[in-house]
Structures are given as structure tokens and as C-alpha cells.
> 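I'd like to ask some things about the structure below.
Chain identifiers are assigned alphabetically (A, B, ...) following the order of the sequence lines, protein sequences preceding nucleic acid strands; residue numbering begins at 1 within each chain. Computed from heavy atoms alone, side chains included, the values below leave out hydrogens, waters and symmetry copies.
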Number of protein chains: 2
Amino acid sequence: MIDLHSGVPRHRQLADELRARLRAGEWAPGARLPSETRLSQEHGVGRGTVRRAVAMLRAEGLVDVASGRGTRVRELVDLERVAVPRGAVTRSRMPTVEERAEMDIPEGVPVLVVILGGRVRGVYPADRAEITHS
Amino acid sequence: MIDLHSGVPRHRQLADELRARLRAGEWAPGARLPSETRLSQEHGVGRGTVRRAVAMLRAEGLVDVASGRGTRVRELVDLERVAVPRGAVTRSRMPTVEERAEMDIPEGVPVLVVILGGRVRGVYPADRAEITHS
DNA sequence: AAATATTTGTCCGTATGTATC
DNA sequence: CGATACATACGGACAAATATT
């Protein structure tokens with residue numbers, strides 16, 4: 001329940017609640033969450049506030065949102081194993097807009113950057129790849 | 001210049017412009033960008049639109065925003081080297097809210113997750129650590 | 001130290017557009 | 001085609017944090 005006088009922003013309270021319910025498995029991967037309008041009515045907040053809450057979950061990589069189709073729990077795919085040799089260095093960061101477009105990386109998904117000999121040897125979306133050290 | 005009829009959302013156009021100016025080095029790390037009100041006036045868009053644009057840059061890890069203090073270019077710190085043995089696996093994802101609070105991870109910064117023998121051996125903020133394979 | 005100005009944060013209502021069912 | 005659902009954008013109003021005078 002959202003407390004209007006707790007000092008905690010309403011969109012944050014709503015995000016916290018939805019996150020907890022997601023973790024509890026209330027919605028299976030691929031399942032749809034209630035619409036923004038519905039959440040707005042049920043929680044007694046404006047739709048803008050709902051959108052801010054959902055935006056947080058998106059940035060955390062928990063859900064996918066598509067226009068006209070609703071908000072869905074992100075489905076996990078098997079990770080491709082990328083083997084790297086000794087001496088390689090792995091970093092991570094958020095993708096550039098160009099990378100997101102070219103590699104079709106959804107919101108809230110970082111990239112793994114493999115560096116060897118000071119040179120970038122590969123950039124991999126973290127929702128589809130993991131680095132193994134051989 | 002923002003084109004009202006290009007079909008590209010205005011907050012995206014503004015984010016693109018600011019990102020380009022950031023890349024060009026117009027503001028040094030730690031320097032302040034113009035205030036939201038100023039950007040709003042200069043570009044002829046509402047403040048809400050400016051905030052959405054800046055929110056994109058935040059999610060990309062490019063800037064830090066603090067209430068009353070403005071928007072600043074994120075400063076890069078030296079990366080701590082975390083050495084992992086052969087057979088280790090490295091993944092990346094966005095941190096949970098708990099991790100963000102406990103480890104003081106800013107917006108737009110993923111975590112590196114090191115797994116060994118199927119068990120999580122470490123979680124490191126990607127703006128302060130890199131994985132080396134020894 | 002105190003008052004004032006600036007700057008970001010929150011939230012609402014409203015309107016319109018676009019995508020999907 | 002209509003109904004539903006998300007996307008964009010504005011304006012207004014305060015609140016809270018910080019900076020300035």
C-alpha cells in the first residue's frame with residue numbers, strides 16, 4: 001500500500017512493491033503486468049507516477065515494455081560462453097546508443113568488454129553472453 | 001537544434017545533442033552542465049522534456065545529478081584489478097537496489113559478477129573494478 | 001547567521017499521438 | 001473499426017537540497 005506521508009516518493013514505493021512481487025514469482029517470465037491505467041487506479045496515483053515506477057524496473061533490466069502490448073517480465077536466455085585467454089581483462093559498462101541499436105540491446109542491459117593487449121577484442125551484451133577464462 | 005516535426009522525440013534529440021557535446025569534451029569531468037531551466041529555455045522545450053533527456057544520460061552512466069547542485073560530468077576513477085583463476089566465469093547485470101545502497105553504486109553503473117564452481121564469488125561495481133584472468 | 005535565489009525532485013491533470021488487440 | 005495500452009509533451013504547483021548574498 002502506498003503511504004502518501006511516508007516521505008518516500010510514490011513512484012519509488014510502487015517500484016519497490018512491484019519488484020518484490022516480481023521476485024516472489026507473481027508473474028512468470030513473459031507474463032504481462034497490469035496496465036499503467038490499472039496500476040494507476042489500484043494504487044491511487046497518477047499515470048505519470050506509474051510510468052516512473054515502471055521505468056525504474058526497466059532500467060534494472062527486470063521488465064520489457066512495448067507500446068500497445070504492455071509490460072512483460074523479461075525472459076532469460078541461455079548465455080553464450082565467450083572464452084578468453086590468460087591476460088585478458090574484462091570490464092563492463094552501459095552500451096552506447098549506437099551499440100544498443102546495432103546489437104539490439106534492450107534497456108537495462110550492460111555490455112561486457114574484453115580487452116587483450118590494451119585493445120578491445122570484443123563487446124558482448126550481458127543478457128546473452130558470459131566470459132569464461134580458459 | 002530541435003526539430004518539432006522530425007518524428008524523433010524531443011527528449012531524444014536533446015539527449016543526442018548533449019551526448020555529442022559531452023563526447024566532444026565541451027564540459028570537463030566534474031564540470032556542470034546548464035541547469036534544467038536554462039536548457040528548457042534555450043531549446044524551447046518543457047522542463048519535463050529536459051529531465052527525460054538528462055535521465056537518459058544518467059542511465060548511460062555519463063553524468064551525475066544531485067539535487068540543488070546540478071548535473072555534472074562523471075569523473076573516471078582508476079579501476080581496481082580483481083584477479084580470478086582459470087575456470088572462473090564473469091557476468092554482468094544491473095545492480096539490485098540493495099546492492100546500489102550498500103555499495104554506493106551510482107546510476108547507470110552495472111556490476112561484474114564472478115562465478116567459480118557455480119557459486120558467486122564476488123560482485124563488483126563496474127566503475128571501480130575490472131576482472132583480470134590469471 | 002540569516003534571508004534569498006537557484007536547482008533538482010515530485011506529482012498532478014490534460015491532451016494528443018502511435019501501436020496493438 | 002473501436003477499444004485498449006503505451007509514448008510524448010506541456011503546464012502548473014510545491015517541496016527539498018544547495019548555493020549565494
> My understanding is that only one of R58(A), R74(A), R100(A) makes a side chain to side chain donor-acceptor pair (under 3.5 Å) with E107(A); could you say which?
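Among R58(A), R74(A), R100(A), the one that satisfies the side chain to side chain donor-acceptor pair (under 3.5 Å) with E107(A) is R58(A).
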> Taking R72(B) first and then D64(B), would you say they form a salt bridge - that is, a charged N and a carboxylate O separated by under 4.0 Å?
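No salt bridge links R72(B) with D64(B).
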> Please report the distance, rounded to the nearest Å, between CZ in R32(A) and P in dC6(D).
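After rounding, the gap between these two atoms is 6 Å.
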> Quickly work out the L57(B) CG to dT8(C) C1' distance and round it to whole Å.
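It works out to 15 Å between those atoms.
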> In this structure, how many angstroms lie between the P atom of dA17(D) and the CD atom of E36(B), rounded?
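My rounded result for the distance is 16 Å.
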> R51(A) has an atom CZ; how far is it from atom C1' of dC10(D), in whole Å?
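Distance, rounded to whole Å: 15 Å.
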> Out of V73(B), L57(B), T71(B), which one pairs with L62(B) under the side chain to side chain contact (heavy atoms under 4.5 Å, CB included) rule?
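It is L57(B); the other options fail the test.
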> Of the nucleotides dA7(D), dA9(D), dT8(C), which has the atom closest to the S35(B) side chain?
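The nucleotide sitting nearest to the side chain is dT8(C).
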> Measure CG/L39(B) against C1'/dC10(D) and give the value in whole Å, please.
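Result: 17 Å.
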> G48(A) near the nucleic acid: base, sugar-phosphate alone, or nothing, with a heavy-atom cut-off under 4.0 Å?
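Here G48(A) touches no strand at all.
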> Just the rounded figure in Å: distance from C1' of dC6(D) to CZ of R72(A).
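Distance, rounded to whole Å: 12 Å.
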> Base, sugar-phosphate or nothing for G70(A)? Non-hydrogen atoms, less than 4.0 Å.
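Sugar-phosphate contact only - G70(A) comes under 4.0 Å of backbone atoms but never of a base.
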> Just verifying a value: how many Å separate E130(A) CD and L112(A) CG, rounded to the nearest 0.5 Å?
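Separation between the atoms: 9.5 Å.
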> So which nucleotide from dC11(C), dT8(C), dT18(D) ends up closest to the side chain of S67(B)?
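So the nucleotide nearest the side chain must be dT8(C).
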> Give the rounded distance in Å between these two atoms: CZ of R38(A) and C1' of dA3(D).
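That distance rounds to 16 Å.
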> Rounded to whole angstroms, how far apart are CG on D3(B) and P on dA9(D)?
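Spelled out: CG on D3(B) to P on dA9(D) is 12 Å.
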> Would you mind telling me which of dC10(D), dC11(C), dA9(D) lies closest to the side-chain atoms of P9(A)?
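Selected nucleotide (nearest to the side chain): dC11(C).
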> Looking at dA3(C), which nucleotide sits across from it as a Watson-Crick or G-U wobble partner, both distances under 3.5 angstrom, or is there none?
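Result: dT20(D).
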> Pick the closest DNA chain C nucleotide for H11(A) and for A66(A) by heavy atoms, then say which residue is nearer the 5' end.
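Upstream on the strand: H11(A).
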> Rounded at 0.5 Å granularity, tell me how far CG in D16(B) sits from NE2 in H11(B).
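Rounded to the nearest 0.5 Å, the CG-NE2 separation comes out at 9.5 Å.
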> Between dC10(D), dA5(D), dT10(C), which nucleotide gets closest to the side-chain atoms of V45(B)?
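Nearest nucleotide to the side chain: dC10(D).
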> Does any N or O donor sit under 3.5 Å from an N or O acceptor when you compare the side chain of R47(A) with the base of dA7(D)?
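A donor-acceptor contact between them is present.
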> Think T49(A) has a side-chain N or O under 4.0 angstrom from the OP1 or OP2 of dC12(C)?
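Indeed, a polar side-chain atom of T49(A) lies that close.
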> Checking all strands, does R10(B) fall into the base, sugar-phosphate, or nothing category for heavy-atom contacts under 4.0 angstrom?
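Answer is sugar-phosphate: R10(B) comes under 4.0 Å of backbone atoms only.
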> If you check every side-chain atom of R69(B), which of dA9(D), dT18(D), dT10(C) has the closest atom?
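Between dA9(D), dT18(D), dT10(C), the one nearest the side chain of R69(B) would be dT18(D).
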